[in-house]
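In listed order, ligands and their atoms are each counted from 1. Residues take their numbers from the sequence shown, with the count starting at 1.
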Amino acid sequence: MITVKDHIYTMTTRDTSYVLSTPDGKNIENLHYGKRINRAPLTADTGKIAGAERAELTDTADIMTDGKTVQALKEKYNNPYGNAIQSTGNMTLDNICLEFSNAGTGDYRILPLILRREDGCISTRFYFADSVLYEGLYKDRDRTGMPYAREGEPSSDTGRPYTLEMIYRNKAEGESGDDKALELRLIYTAFEDCDVITRRTVLINDTSVTYVIEDIASMMLDLHGTDYVLKTFDGMWTRERHAHDKVLESGIYETGSVHGISSNVHNPFIMLSDIDATEDHGDCYAFNLIYSGNHRERVEVSEYGKVRILTGINPQGFEYRLKPGETFYTPEAVMTYSDKGFNGASQNMHRFVTGHIIPDNFRRSLRPVLINNWEATYFDFNRRKLLNLAKDAARLGIELFVLDDGWFGIRNDDTTSLGDWSVNEKKLGGSLKSLVDEIKALGLKFGIWVEPEMISKKSKLYEAHPDWAVSVPGMEDYLGRNQYNLDYTLPEVRDYIVGILSKLLKSADISYVKWDMNRPFTDLYSKGGTYPGEFAHRYVLGLYDVMKRLTDAFPHVLFEGCSAGGSRFDLGILSFMPQIWTSDDTDANERMMIQGGTSYGYPPSTMGAHVSASPNHQTLRETTLETRFDVASMGVLGYELDLTRLSHMERKIISEQVKFYKAHRELLQTGVFTRVYDRHDRVIWQIADDEGDHAVALLYRRSSEPNKSDDILFAKGLKEDALYKVRVKESKIPVKTFGNLINMVSPVHIKEEGVMQAMIGKAYAMDGEVEEYTVSGAALMYAGIRLNSRFIGTGLGEGTRVMGDHSARLYTIDKIG
Ligand code: GLA
């Protein structure tokens, strides 16, 4: 809901208010963004706004604030500020919470726009002129060439999104003599249901000269106060999105990407919280960008005691020539606020991603359990191997078979064939269709890997179109994984990719595509004439064009984004592809950090999570099959190991896991994710339904601390007065866990790591502890269940929990009364 009255602009979501006003008729002041401060429109009985009432309020009433409240919220300027530059009266633009700020007006903080005039001047005088308010999304959204937040399904207690356009004009006086102007529009859309407000900036050049945009933010937000912590999500290949905190002091903080993709180094999602906010309490703001390219997030703590946040395209290498009559649209930025700490802000973002980002037709669809052959075979496969893998997968209850890299051209390693998307029938032992049909006959769906944004030097495509590879003629090339980026700024390249992939998708019954992108950009250069300063942005626009055309043409295909694991995990990709391969690191312990960090901004249904071999191929760490599953079940489950080499016991365990996952899939993929506890090497996560009737909790132990207090299982968000049955998921403990201790109970000596131990381990495993409790919601949330004692070297009593380093358990929590 948004209302406009007497130059007070109020955006209201379920629990937040954002109030703007104009102090001087030229600038817009942010009077408040945070916890909801209006109460007026709530109906007495439900606290919700009914439809008719809503329409009436929109037209006539100032539902948010009256003039007196606004007067109370306004910044006061009773006397001048030392040597500060003055605007109207004593007002200094350096010390006011603004929505937009011009270069050259005495606001010395980081600026949202650097626009260079023909003569090199960068000063601007954009003054607020007008506003437009309407129901629904931004009216020119389809002209932006970028994905945008979807309208989603209207819910009974919140209405459609509303959009507010704040229009600023910069008259080109003295330049052309006519009445033409540059126009800047700040676009706000309020999504009530998830407490999200999105923002973007639109710049329209209605003058007769070209301007150069050197830097343009999607959004600028000024807040009062300085005591904030900035949380960023950073990493590298196989170590993506680890959460890092920076306690802010005076100065400027910057994060972002110049990789040409959103990158694994710094995710565009950031959080800004009160210094003492916790997972459940305290003010917490969160920001993201619906964009997959170079991005930058900056936060300045000013000397006047305010904080400014800017997010948008990264200006490094960016120089956009805005010609007469042209419009520039920034990517849409996303912001939310919660007074319920990090979990509160995360849950808002999760609801937003599910309700307004992922494609409508996948919003409610449950994702299949898949087997991917990559870590099972790498490039070394043939038809027999694939079919054997598929047969075992089908027996275990797995639903989708994914054929990864190596099925096309002559690709038996990563040096060739990208771009040649024709089936290697010799390697596949026949046509793709014949393979797909055989796999489908086993009861599995079929999916395929592609990397359509790349070209190998050793490829037919490169021979035919060397100019399609991104590089600078006459300069040394820097390759990643032996490959070049394809120049998606060129329409002919995009048409070729759409054509060849459409042919592939029509050639067999393919219901899933893993869309990979394995190298970041180095040179930002097109041999086809794209202006270098616009290359990085135009590449992203080209990518969205290709993704849109393909996903529109094949709406039933589930696309999973991938970029050397999770190097492009962002809202732009999720707008086309409902899930993303979270990381090439499948080690359970590392995944706790990776999935945990990712969970701050993205829900579990977006995170591909696979059970792989042990020792793990990335870390060589050993973890139990149970632990690997428990952690993977907190995302979209898959398997990525050679199922044909499993022991009898491992098969039994996996088929039980798949059964458990399917039985709880709806909850795990659509429920509310909460980080319950993370201290003393112990982590608890929980996924519950909206009502708080059912939940699955994960308990993870980073290390086995001998003889320390036992684990306590807590939950959150349940019903205090309800009664719950809490059960540990059945699990198996491999014999080798006990090393040579097994000889304390074995009648014959079993050599550690010996043949006998291996043989026993294949057929036998010990049952894990059985624990079951009946407990009230209040007791479970506020006291916690003191779980059975852990194994501490003094023997194995009945119910002892055997949990070594890097081990996990799942618990089901079900309301029984
Ligand atoms: C990337 C992906 C992997 C796998 C390989 C294939 O690294 O992240 O999952 O698909 O490419 O080459």
Could you see which bit of [X] sits under 4.0 Å from ligand 1, with heavy atoms only: side chain, backbone, both or neither?
| X | result |
| --- | --- |
| R481 | side chain |
| N372 | neither |
| A564 | backbone |
| D414 | neither |

Does an N or O from [X], backbone or side chain, lie closer than 3.5 Å to an N or O of ligand 1?
| X | result |
| --- | --- |
| G565 | yes |
| K514 | yes |
| D404 | yes |
| D584 | yes |

For ligand 1, which atoms have a heavy atom of [X] less than 4.0 angstrom away?
| X | value |
| --- | --- |
| N518 | 1 (C), 7 (O), 11 (O) |
| C562 | 2 (C), 8 (O) |
| W581 | 8 (O), 9 (O) |

**Item:** Within the 6.0 Å centroid threshold, strictly below: F379 and W374
**Value:** yes
So, does [X] use its side chain to make a donor-acceptor pair with the main chain of [Y] at under 3.5 Å?
| X | Y | answer |
| --- | --- | --- |
| E451 | N518 | yes |
| R411 | L418 | no |
| D245 | K231 | no |

**Prompt:** Parallel, tilted or perpendicular: which fits the ring planes of F629 and F660, with parallel below 30° and perpendicular above 60°?
**Reply:** perpendicular
**Request:** Around atom 12 (O) of ligand 1, find the nearest protein heavy atom and jot down its residue, atom name and distance.
**Result:** D405 OD2, 2.6 Å
**Request:** For atom 2 (C) of ligand 1, find the nearest protein heavy atom and state the residue, atom name and distance (0.1 Å precision).
**Result:** D516 OD2, 3.1 Å
**Message:** Please check if the number of heavy atoms outside K457 that lie under 6.0 Å from its NZ is greater than 12.
**Reply:** no
**Request:** Before accepting this row, confirm whether a basic side-chain N of the pair R568/E453 lies closer than 4.0 Å to the acidic partner's carboxylate O.
**Result:** yes
**Request:** State plainly whether the residues R621 and D805 are in salt-bridge range, i.e. N to O under 4.0 Å.
**Result:** no
**Prompt:** Any cation-pi pair here, R675 with Y600, using under 6.0 Å and within 45°?
**Reply:** yes
